[in-house]
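Because only heavy atoms are used, hydrogens play no part in the values below, and waters and symmetry mates are left out as well, while side chains stay in. Letters A, B, ... mirror the listed sequences (proteins, then strands); counts begin at 1.
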Amino acid sequence: MFSDYSWADLGAIFAMQGFAGLTLFAVFVLMALGLAIIFGQMGVINLAHGEFMILGAYVTYLVSTFFAEYMPALFSLYFFVAMFLAFLASGALGLLVEWALIRHLYKRPLDTLLATWGLSLILQQTYRSVFGAREVGVSLPDWMMGSLPLTDLIEVPINGIFVMILAIGISTAVYVMLFRSNWGRQVRAINQNRDMASAVGINAEWTDRLTFGIGCGVAGVAGSAFTMIGSTGPTSGQLYIVDTFLIVVFGGTASILGTIASAFSISQAQSIMEFFLSGSMAKVLTLLVVVGILMLRPQGLFSMKLRK
Amino acid sequence: MQERFILKVEDLTVSFDGFKAVDGLNLYIEPNECHVIIGPNGAGKTTLLDLICGRTAASGGSVKFHDKELLSMREDQIVHAGVGRKFQTPSVYEDLTVFENLELNYPKGYSVFGALTFRCDDTIRGRITEIAETIFLEDMLDEKAAYLSHGQKQWLEIGMLLIQDPELLMLDEPVAGMSVAERKKTAELLKRIITDRSVIVIEHDMGFVVDIATRVTVLHQGQVLSEGSMEHVQNDPKVVEVYLGH
Amino acid sequence: MTFSSFMTRKEAFGFLVLAAVIFLVLPLALDAFRLNLFGKYLTYAFVAVGLALFWGMGGILSLGQGVFFGLGGYCMAMFLKLEASTPENTAIQSTPGIPDFMDWNQITALPAWWEPFNSFAFALFAVVAVPVALAFVIGLAMFTRRVGGVYFAIITQAIAAILTILIIGQQGFTGGVNGITDLRTLMGWDIRSEAAKTTLYFVNGALLFAVLMVAHYIRKSKLGRLLRAMRDQPDRVRFSGYNVASFKIFIFCVGAAFAGIGGAMFTLQVGFMSPTLVGIVPSIEMVIFCAVGGRLSIIGAVYGALLVNWAKSTLSESYPELWLFGLGALFIAVVMAFPNGLAGIWSERIEPQILRLFNRSKDDKTAPKRAPAE
């Protein structure tokens, strides 16, 4: 498939598709980060995670419409407000869901899968009832449009750079919170020994709830980034949940760096192959490779050896 | 010719992320001995049993059972070779009755096809009753294992191993959490079952150790600190320092 | 083996009632169109029975059963499509004699891997063999490496996603998103007629009972007890000398074979096969059929498939919005409130009442109260 292109062309194609894949990478990282916090620290899989992301996307859509209507002068700034509100909305829903559902299921991971799938159906139908079945899109502020020409052949989209910086910023923040803050110590203590952690005065119940809420909130921010690469519909989130979970497992559940590395390789592989193959075959190949590697190395790429 | 040792553990090492839980350990088990392993928490006792029975993969060394290298065998193959293992917390099938628990461990029908066509006949039933008597559960055969007391579950698990008649039996803290009366009965049970096989026991309870041990090994930080009779070990100054002394 | 060791009186009664429902009540109460609809629901029951075996008893949750259902269905559909695509029937195509969707996609010759599906015997063999072969490969890779629980569930879900994308993407070979449609005859016998559909319903019912008997035999065998033992104490089973992986692979393959048969019967009764029955959504819905019936009960799995699908078509005809809310709530309810499903409600609530009514409480057996350990 490469034979029709010259080496210079190939280099340019790789670079272009690579930069085009940055937004996908950012969405993947933010989605996977939320999922990884929740799964890695609490052992819970949230199949409704895509719907939390879409909530963030809808919030972004609402905020952009609101700014366009009432504050057109400030439109260039709406994205920052939208991100913040998306975090709050998805986070708040996360807290509620943890309280109503997840906390009853901590010892039954497979049942959590089913319950959160049920939740995702309910959320999808709610979105459909509230926002309609038609997909909605947002318009980007002017400064995010366009691209920076690097060479004659290679252009870098500005919004791609922006969301990548965003993704890296949030990942750093999450890393700092998990491994440097008091909250992070509590989360890890509970993860290792729930009873003992409670015994030394850590409020396990609230730490869990907060962890879940923050994971969902980060998914909301992913939703904001998502509005740049696709239009938002009630079921848009469902398309991402499998990819995202594979990223988490592929990266090794204990490592944020692993999550980022695997999100990067998967999004880039998909984006670059899309140029040469049809989109669906690129996806099939990417997923097949990931599943194949996971079958050979189930513990993921980055993991520790432990006495079990 | 009778071998001197049935199990030879040589230079056995395992490390978890750089931490050596078992470090160049040598241990030899004679036929028909009751070998007790003691040592402070984290000395590597349970890890040692895990390594022998294939639950944990070793980083180096060798474990020879007769002529077979256990380190390269799968858990179920190690069991078929004649090594039985009891876990620290009683692991019985709570959903099933005492009879079914023992029946599942009857050494027949190990393959998929064998399990599909397995039939319980009078020989098997007789053997199960016999074992149930040995472990003081002959009246509880139709009881679900979930309803047994903690001590009875420990006995049941021992029974599940006995029915397979292993040549080497490894017991991880068999009397932990038992009442005084149950301890006495367990000691009696162990003395009866060790007559025609070798047993490795991990135990904290010194009174119990004195009662059953033919030989004692003290582990400390993944290595053998001292080995010999109970008397010898108790008087070893190194042991006194790290373990018995405080 | 004597009958009483194979089946207690109570179990026999349960099977008799189910047989009466499938072979008497439904055919007498429903017109041919509705009966065909229930025949379609019953094809999902094949999957649900398999799930009751390896999820309920074995604790292995597969979120990709649609893959096996679909493979079985596609194998059957390929045979029927080839039979329907005679040169006479397809004379208007630019290449007569190949399936219509191939012609639309500018394919001019039948691909080699379609060729064997000219033979009915091969198609029948493939209906079971293809799903089993895939299940064996997945099982071998995953179970021997001790991958289980959530990981296994998600990997199977990913496989469902991959297969769907592949089928849709390769429309020249698979019929794409529409699937393989316009199936007409089976060995010359028109399967679209009302009489044929009714006959197929009974064939389907008989096959389902055969599958139920196999499942029941496995459940009652030592293998059945081992499965439950493995679910709760995998290490104890392993250190009792059993190769746990081989048992898991076996039961997963059995489930795949059941699903494949169900898929083939779906194709025959409904007259098409498409990727909408393969993907993530149908696969996880199949789990809910089993969960509603009671994840441990193979008879419950059949009722669960019937009930949920009946509710789905009734509700989604009149209130499509309500159905998704209802289905979502159902997922949550079977996890939170009724972990043992219909079978649990029957054995914990209704049966004791009946026994009391008949004043036979002296030999009552207390049903296990505890939710099955995950």
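Remark: the backbone N or O of C:S240 is paired with a side-chain donor or acceptor of B:Q164 at under 3.5 angstrom.
Environment of CZ in C:R349: sparse, with no more than 12 heavy atoms of neighbouring residues, nucleotides or ligands closer than 6.0 Å. No more than 12 heavy-atom neighbours from other residues, nucleotides or ligands sit within 6.0 angstrom of NZ on B:K20. For C:F136, the CZ atom sits in a loose shell: 12 or fewer heavy atoms of surrounding residues, nucleotides or ligands are nearer than 6.0 Å. With a 6.0 Å radius and a threshold of 12 heavy atoms from other residues, nucleotides or ligands, B:D196 has its CG atom above the threshold.
One distance of note links CZ of C:F239 with CG of B:N105; it measures 13.0 Å at 0.5 Å rounding. Distance CZ/C:R228 to CD/B:E100: 6.5 Å, rounded to 0.5 Å.
Contacts between B:F118 and chain C at a heavy-atom distance below 4.5 Å involve the side chain alone, from C-beta outward. Residue contact with chain C, scored on non-hydrogen atoms closer than 4.5 Å, is absent for B:V83. Only the side chain of B:L161 comes within contact range of chain C, with at least one heavy atom under 4.5 Å from a heavy atom of that chain. Looking at C:V244, neither its backbone nor its side chain comes within 4.5 Å of chain B, counting heavy atoms on both sides. Proximity to chain B is limited to the side chain of C:F250, based on heavy atoms less than 4.5 angstrom apart. If you measure heavy-atom distances from C:R146 to chain B, the contacts under 4.5 Å come from the side chain alone. Looking at C:R236, both its backbone and its side chain come within 4.5 Å of chain B, counting heavy atoms on both sides.
B:D76 has no carboxylate O lying under 4.0 Å from a charged side-chain N of C:R238, or vice versa, which leaves the two without a salt bridge. Contact check on C:R231 versus B:D95 returns a salt bridge, with a Lys/Arg side-chain nitrogen under 4.0 Å from an Asp/Glu carboxylate oxygen.
Across B:M160, B:E103, B:Q77, the residue that shares the most heavy-atom pairs under 4.5 angstrom with chain C is B:E103.
Contact record, B:L104 with C:A229: CD1-CB, 3.8 Å, taken as the closest heavy-atom pair. C:Y242 and B:Y106 make their closest contact through OH-O, 4.3 Å (heavy atoms, listed as atom of the first residue, atom of the second, distance).
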Next item on the list: Show your reasoning for whether side chain to side chain contact (heavy atoms under 4.5 Å, CB included) applies to C:N243 and B:R74.
Entry: CA-CA 8 Å; C:N243 184 356; B:R74 237 184 12 236; 3.2 Å; yes
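Residues C:D232 and B:Y93 have side chains not in contact (no heavy-atom distance under 4.5 Å, counting atoms from C-beta outward). The side-chain heavy atoms of C:Y217 and B:L116, taken from C-beta on, include a pair separated by under 4.5 Å.
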